[in-house]
**Student:** 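Pasting a structure here, questions to come.
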Amino acid sequence: VELLFAEDDPAVMAARQNLVEVLTEDAFETPIQMVAVNSAADAELLGMRGSPTIRIDGADLDPDWDGPIGTAPRDYGDGPVPPKDLIRRAVERARGWSHAPRA
């Protein structure tokens with residue numbers, strides 16, 4: 001699990017907290033690699049889709065999101081912090097669990 005972030009991103013710790021809570025709740029034991037991205041060139045090289053970006057097994061947490069590559073703040077719909085339900089669905093995909101869409 002990777003959490004890519006711009007150094008000055010105020011949302012990174014809240015994103016990490018949501019990630020840790022989901023991994024703990026779902027008993028998904030894996031290290032979290034925190035990756036500070038310092039430049040647009042690094043973001044391009046890493047395929048970072050805004051800050052913060054969470055990837056599980058190399059896959060973006062939201063496979064349908066097609067925002068720009070870069071270090072600008074990422075919008076998850078309700079703000080710059082990825083919600084726990086989005087993280088949970090990514091964990092389920094990584095585990096190969098099927099899941100019904102949540103209402």
Side-chain angles (χ1 to χ4, degrees):
V1 174
E2 300 169 297
L3 197 160
L4 291 80
F5 63 96
E7 291 259 357
D8 59 350
D9 185 355
V12 70
M13 292 316 293
R16 185 182 187 286
Q17 183 64 35
N18 281 356
L19 178 58
V20 166
E21 288 177 12
V22 169
L23 294 176
T24 300
E25 291 165 6
D26 291 0
F28 193 67
E29 295 182 26
T30 187
I32 299 170
Q33 182 179 8
M34 301 289 291
V35 181
V37 180
N38 299 313
S39 69
D42 289 344
E44 184 73 31
L45 180 68
L46 295 169
M48 180 176 163
R49 303 165 86 190
S51 183
T53 289
I54 295 174
R55 294 192 299 215
I56 300 175
D57 291 337
D60 191 88
L61 132 112
D62 185 357
D64 297 326
W65 192 81
D66 63 354
I69 300 291
T71 58
R74 183 164 169 173
D75 183 8
Y76 285 94
D78 290 333
V81 177
K84 289 172 69 173
D85 65 324
L86 184 63
I87 297 169
R88 184 166 286 110
R89 286 194 304 271
V91 168
E92 290 171 355
R93 278 193 306 275
R95 286 183 150 180
W97 295 353
S98 61
H99 60 279
R102 296 181 184 184

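Every value quoted in this text rests on a predicted model; they were computed, and no experiment measured them. What you see below is based on every heavy atom in this structure, not just the backbone, and it leaves out hydrogens, waters and symmetry mates. Sequence positions, counted from 1, serve as the residue numbers for this chain.
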**Student:** What closest approach, in Å, do Pro52 and Ala11 show between heavy atoms, and which atom pair accounts for it?
**Tutor:** CD-CB, 4.2 Å
**Student:** Can you find a pair of side-chain heavy atoms, one from Arg93 and one from Asp57, that are under 4.5 Å apart?
**Tutor:** no
**Student:** Can you name the nearest heavy-atom pair linking Ile54 to Ala15, along with the distance?
**Tutor:** CD1-O, 4.4 Å
**Student:** Going by salt bridge (charged side-chain N to carboxylate O under 4.0 Å, His left out), name the residues that satisfy it together with Glu25, two or more places apart in sequence or in a different chain.
**Tutor:** Lys84, Arg88
**Student:** For Thr53 and Met48, work out which heavy atoms get closest and say how close.
**Tutor:** OG1-CG, 3.9 Å
**Student:** Measure the OG1-CG distance between Thr71 and Leu4 for me, rounded to the nearest 0.5 Å.
**Tutor:** 11.5 Å
**Student:** Under 4.5 Å between side-chain heavy atoms, counting indirect links through other Ile/Leu/Val/Met/Phe/Trp/Tyr residues: same cluster for Leu23 and Met34 or not?
**Tutor:** yes
**Student:** Could you check if a side-chain atom of Asp62 sits within less than 4.5 angstrom of a side-chain atom of Arg74, using non-hydrogen atoms only?
**Tutor:** yes
**Student:** Do Val20 and Arg16 have side chains that approach each other closer than 4.5 Å (heavy atoms only, starting at C-beta)?
**Tutor:** yes
**Student:** Does one hydrophobic cluster hold both Tyr76 and Val1, with members joined at side-chain heavy-atom distances below 4.5 Å?
**Tutor:** yes
**Student:** Would you indicate whether the side-chain heavy atoms of Val37 and Ser51 approach each other to under 4.5 Å?
**Tutor:** no
**Student:** So, do Pro83 and Asp78 sit near enough that their side-chain heavy atoms are less than 4.5 Å apart?
**Tutor:** no
**Student:** Determine whether Leu19 and Leu61 make a side-chain contact, defined as any pair of heavy atoms from C-beta on separated by less than 4.5 Å.
**Tutor:** no
**Student:** Rounded to the nearest 0.5 Å, what separation is found between the CD atom of Glu2 and the CD1 atom of Ile56?
**Tutor:** 10.5 Å
**Student:** With the 4.5 Å side-chain cut-off for hydrophobic clustering, are Met13 and Leu86 part of the same group?
**Tutor:** yes
**Student:** Assigning hydrophobic clusters by single linkage (Ile, Leu, Val, Met, Phe, Trp, Tyr; side-chain heavy-atom cutoff under 4.5 Å), is Leu46 placed with Ile69?
**Tutor:** no
**Student:** Under the rule for side chain to side chain donor-acceptor pair (under 3.5 Å), what residues qualify as partners of Asp75, not counting sequence neighbours?
**Tutor:** none
**Student:** Starting at CG of Leu3, measure out to CD1 of Ile87 and round the result to the nearest 0.5 Å.
**Tutor:** 8.5 Å
**Student:** Out of curiosity, Asp85 CG to Glu92 CD, how far, rounded to the nearest 0.5 Å?
**Tutor:** 10.0 Å
